Amino acid sequence: MDALRPYAAAFSSRFLLMMQYRAAALAGFFTQCWFGAVHVMVLAAFYLGAPEAAAASPISLSQAVTYTWLAQGLLAVMPWVGDPEIADGVRTGAISYDRLRPVDPYALWYVRAAGWMTARLAPRVALMILAAGIVLPLIGQGQWAWRPPASLSAALLFALSEALAIALACAIIMLINIVVVATLNARGVNILMQPLVIVFTGNLLPLALYPDNLRTFLFVQPFAGTLDIPNRIYFGALAGQMAWVGIGLQLFWITTLVTLGRWWLGRVMARLEVQGG
Amino acid sequence: MNALALLGRYFAASMRSQMQYPASALMLTVGQLASTAIEIVSIWALFDRFGAIKGWELGEVMFFYAFVGVSFAFADFLTRGFDVFGSDFVRTGAFDRLLLRPRSAALQLVGHDFRISRFGRFFQAAIVLAVATQMLHFVWTPQAIALALWTVAGGVALFSALFVLQAVLAFWTVESLEAVNALTYGGVYAGQLPISLYARWLRTFLIFIVPLACVAYFPVLAILGRSDPLGAPDEFLPVAPLAGFIFLGLSLLAWRFGVSKYTSTGS
Amino acid sequence: MPQILVQDLAKTYRVAERAPGMLGAVRGLVRRRWRTVEALKNVSFSLERGELLGFIGPNGAGKSTTIKILSGILRPDSGRVEIEGLVPYADRIKHVARIGVVFGQRTQLWWDLPVIDGFDLLRDIYRVDPQRYKATRDELVAMLRLEKLLDQPVRQLSLGQRMRAEIGAALLHEPSILFLDEPTIGLDAPSKLAVREFVKKLNQEHGVTVLLTTHDMHDIEALAQRVIVIGHGRVLADSPFEALRADVLAERRLFVDFAQDAPALDLPGVEVRNRDGRSLELAFDPRITSAPALIAAITARHAVEDIHVEQPAIEEVIARFYDLHGANEA
């Protein structure tokens, strides 16, 4: 157990620190409500305007609405920027200290990123559920609400899949961090990642709504595992065996990206040591 | 030297300092192009699946989208100083420096920085407009061009006003300015689509509170030669961008009030 | 009519108070609690053209509030300021065209632009006549030895180089008054000397009025003919520095190196401050014992190798002054 202590400390210190940014959480919440509401109205206009196409759509309007609120609520765990602490460390030179500590830098940064993400997640998702899941039905707008999971088993599978989604997002963030450390510049990679993440996670539009011939590709690419797969498990569009295929895909990408990240970080760190950077 | 000539000097200086890092400027421009282009990707995907939307075809929606994009890109280019006012001027105390110079603070903020990368959004919107012109076989008569320029002018005024208002808030709090910023972007996002898609509360908001519809939806209908399915009179449509200038005037009044508050409390 | 006239200046700030903890933060969103801080209670002084005034006081004493009001970016609650016939905060734009301001910790130049481009931009901002600008700029470049720096981007300059460029930038429009806020902070010794020398020359040869705030008492010693000490929002002293020293800390120090181990001394009005082998440091009050009498008394009884008299360091004088007025509690 003692061997894990530094990592547990790194996680919880970051978590507690992030919990202090209440104003930021509130601000984020209002933004999410606004974007979520506009998204929902646009989706509704398309679905209601073309009943035949809507009937043929792989997900129903109410599923797409729930998807939208989930995507807004889970915004904090989207892997679109590297850990700002790493970027700061690169600028100030503080990351050299991480090389001097008797810990595994990959694991340390990974748990720190996880603390950073989950702390931002908790208040936002809670507020989002309150607004879209409880307040909306109470004011008679139940058709635009965030619906509960399709079933108990869907809920349990979603919990598992969402945990894996966060683990996968952290693995992707680690890759971004490594690029930041290798190029000594955070802006470039963040700018290039953002559009990719917004499209391929499903944050912009549920992946199922893209043209059908892209469906397989969109399902197996790594970003799907950070949002689209757990969401579809949540409202039962991925159920039974297919749910396990989705979870298997998430596990596959976590293993692959963590392995890649560890190998790459080792090389980058070795190079930094040679340069004395 | 008059204000316009001085802005020219500021502009040249800003270009020179960004050109010290040409690769970075290029990358930021491409990044901006890509990150703004994804919205049209989602609109395209929805049309691909559902065919049409409440009587609008894709080409028409792209017209609305493109006009918001062009106006916003220009406004963002001109009012960067207001956008970063809270973080780079109030929080750091650099605003004092502007007040110590014998020019209006607003003029100096406009001159503060002109980001080349904003052309990313502009190019993206221009391409969308070109494609939409093709799709609709739209003919750009001199009248349509004049109306388009007028629409963009109103749009630039309105979006600039939003950045000015964001800066005014910074006189009271520098916390949560990101939220205001996000509301601006959220407004842009909502304004890109025909407002007849939206629920009544959002339409009211976009017409009467932050009159985005007046610099996109209404005048673009006039450019397309369509009537408003919501029933706004045809004569109103081409006049609507005036609302952008009125909104800018109001926001500059608020700005003056903010500056006088700053000089009487020093914070 | 003095060039700068300040009468009964008062300024109170309201500061938002934050209750601690989660509950406090939520309550703070609804209703804020305010605390008032009296930054200036009553400040009056006047300055003639061509004076060089040192403005000192502990942090929070009201120095920067006063400077902000004088430079036109802050409005006092009450009192009167007139500078060359203008009220700074009422005629801000006209007023700031006549003054130069240097903040030691902030730059007014453009980070990514060469120094010369920043100068040119300031020429246009201040509407300086191009012919006149060229002459002024060349003179400043020569005086501040900026020739080699002109083509370098500001971000590449050392702190000392940047400060010289900043001072040049503040003077391109030939202001008749220069405000210097901590101009030597963080500089190395040669840069400090260069800045002091330049300011002295500017004041003496060009007749520019200088108002200097600083925590570096050597700046004051080297430059200021007159010192205003501010504390608790009031003027605590306004006099030539030597007069201040005589009032506050009249004592002198006598350093003696003896031929043998330092003897025990018992002289009236003399105190042993430090003893180290053959050396002694003595403090005496010149109003009780004069220096020649004391030296005569010592050399009459002991073999002495070296002897010299010093005044207490300026930091000590100021620290003592703050203590006497309780100004440090600010």
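Only a predicted model underlies this, so the values are computations on that prediction, with no experimental measurement involved. Letters A, B, ... are given to chains in the order of the sequence lines, protein chains preceding strands, and every chain is numbered from 1.
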Exercise. Which one of A:L214, A:I198, A:D212 has the most heavy-atom pairs closer than 4.5 Å to chain B?
Worked result: A:D212
Exercise. When only pairs under 4.5 Å are counted, which of A:L196, A:L48, A:I191, A:L209 shares the most heavy-atom pairs with chain B?
Worked result: A:L209
For this session: Would you give the length of the straight line joining atom CE of B:M27 to atom OG of B:S117, rounded to the nearest 0.5 angstrom?
Result: 10.0 Å
Exercise. So which of B:G31, B:S35, B:G186 has the biggest tally of heavy-atom pairs under 4.5 Å with chain A?
Worked result: B:G186
Tell me, side chain or backbone of [X] under 4.5 Å from chain A's heavy atoms, or both, or neither?
X      : result
B:L193 : side chain
B:L46  : both
B:A52  : backbone

For this session: Using distance alone, with no hydrogens and no angle criterion, decide if A:Y47 and A:S57 have a side-chain donor and acceptor under 3.5 Å apart.
Result: yes
Problem set entry | Check: A:D228/A:Y67 side-chain N/O donor and acceptor closer than 3.5 Å | yes
Exercise. Are the aromatic ring centres of B:F163 and B:F72 under 6.0 angstrom apart?
Worked result: yes
Exercise. In this structure, which one of B:F82, B:F85, B:F89 forms a ring pair (Phe, Tyr, Trp, His ring centres under 6.0 Å) with B:F95?
Worked result: B:F85
So which part of [X] gets closer than 4.5 Å to some heavy atom of chain B, the side chain, the backbone, both or neither?
X      : result
A:A64  : neither
A:L43  : side chain
A:N190 : neither
A:A54  : both

For this session: Step by step, work out the side chain to side chain donor-acceptor pair (under 3.5 Å) result for B:T36 and B:Q124.
Result: CA-CA 7 Å; B:T36 55; B:Q124 182 264 139; 3.1 Å; yes
Exercise. Is the Lys NZ or Arg CZ of B:R226 less than 6.0 Å from the centre of B:W56's six-membered ring, within 45° of the axis?
Worked result: yes
